[in-house]
Amino acid sequence: MDIQKAENYVFDKLDENLSDSLYYHGVHHTIDVTNAALQLAVAEGINDSETLILIQTAALYHDIGFIITYNEHEAESCRLARVSLPNFGYNHSQIEVICGMIKATRIPQSPTTHLERIIADADLDYLGRDDFEAVAQTLFDELQERELVTDHDSWNKIQINFLENHQYWTETARQWRNEAKQKRLSELKAMYA
């Protein structure tokens, strides 16, 4: 598996084709999720290079489908992975593991394997981080641009509902992120008390 060629392919495609109005789902999000996934994987005891490459590849590809469609982008991400990854030395079974991880990022999340749980947690890592408000603002801007949310009040209610129903899937993410996530939820709820 040539991870460098796969990474170059993803970033070239994103740079050339990603809409400028993807304020949240931009290249920066792909980098963020990739870093979070690798940190979680190591903390979760994964240290063999092949598995780490599979996780890194899934994180790189998980939102590439946005170059084709906004809705159901995960299916397009898998299609692009299946088309391109054989050119970089990935075999069928490796690609299917990667596609399982990509599909695990679909909301509502329902990961079934340890690797899928890692990538699902990495995709929503920001919910329990200090940069929550800044990142959430980019998602609001992106959704507002698509007329999927109208104002901050409705957005905050969506966030409250999302945070109440969200769970981290790995023990590491729960330890690292749950406390801050609950704090954000309490702060948002206090605005509407």
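Below, all heavy atoms of this structure are taken into account, side chains as well, without hydrogens, waters or symmetry copies.
- Note on ring orientation: taking the six-membered ring where Trp is involved, the planes of His73 and Phe66 are parallel (angle under 30°, cut-offs 30° and 60°).
- Under the salt bridge (Lys or Arg N to Asp or Glu O under 4.0 Å) criterion, the residue pairs touching residues 148-171 are Glu164-Lys189, Glu171-Arg174, with sequence neighbours excluded.
- Checked for salt-bridge contact, Glu179 and Lys183 miss the test: no charged N lies under 4.0 Å from a carboxylate O.
- Each ring-ring contact (aromatic ring centres under 6.0 Å, His included) pair with one or both residues in residues 29-56, not counting sequence neighbours, appears once here: Tyr24-His29, His25-His29, His29-His62.
- Sorted by first then second residue, the salt bridge (Lys or Arg N to Asp or Glu O under 4.0 Å) pairs that include residues 52-66, not counting sequence neighbours, number zero.
- Evaluation of the salt bridge (charged side-chain N to carboxylate O under 4.0 Å, His left out) rule for Asp125 yields Arg129, Arg177 as partners, not counting sequence neighbours.
- Checked against side-chain contact (heavy atoms from CB on, under 4.5 Å), Ala104 has the following partners two or more places apart in sequence or in another chain: Pro111, Glu116, Ile119.
- For the salt bridge (Lys or Arg N to Asp or Glu O under 4.0 Å) condition, no pair includes a residue of residues 50-61, sequence neighbours left out.
- Residues satisfying the ring pair (Phe, Tyr, Trp, His ring centres under 6.0 Å) test with Phe162, not counting sequence neighbours, are none.
- Listed by chain and number, the residues in a side chain to side chain donor-acceptor pair (under 3.5 Å) with Asn47 amount to none (sequence neighbours excluded).
- Applying the salt bridge (Lys or Arg N to Asp or Glu O under 4.0 Å) test to residues at least two apart or on different chains, the pairs with a partner in residues 68-82 are Glu72-Arg106, Glu76-Arg79, Arg82-Glu96.
- Under the rule for a ring pair (Phe, Tyr, Trp, His ring centres under 6.0 Å), the partners of His166 that lie at least two apart in sequence or sit in another chain are Tyr168.
- The ring-ring contact (aromatic ring centres under 6.0 Å, His included) contacts involving residues 90-123 comprise nothing, where partners must be two or more places apart or lie in separate chains.
- The ring pair (Phe, Tyr, Trp, His ring centres under 6.0 Å) check on Phe88 picks up Tyr9, with sequence neighbours excluded.
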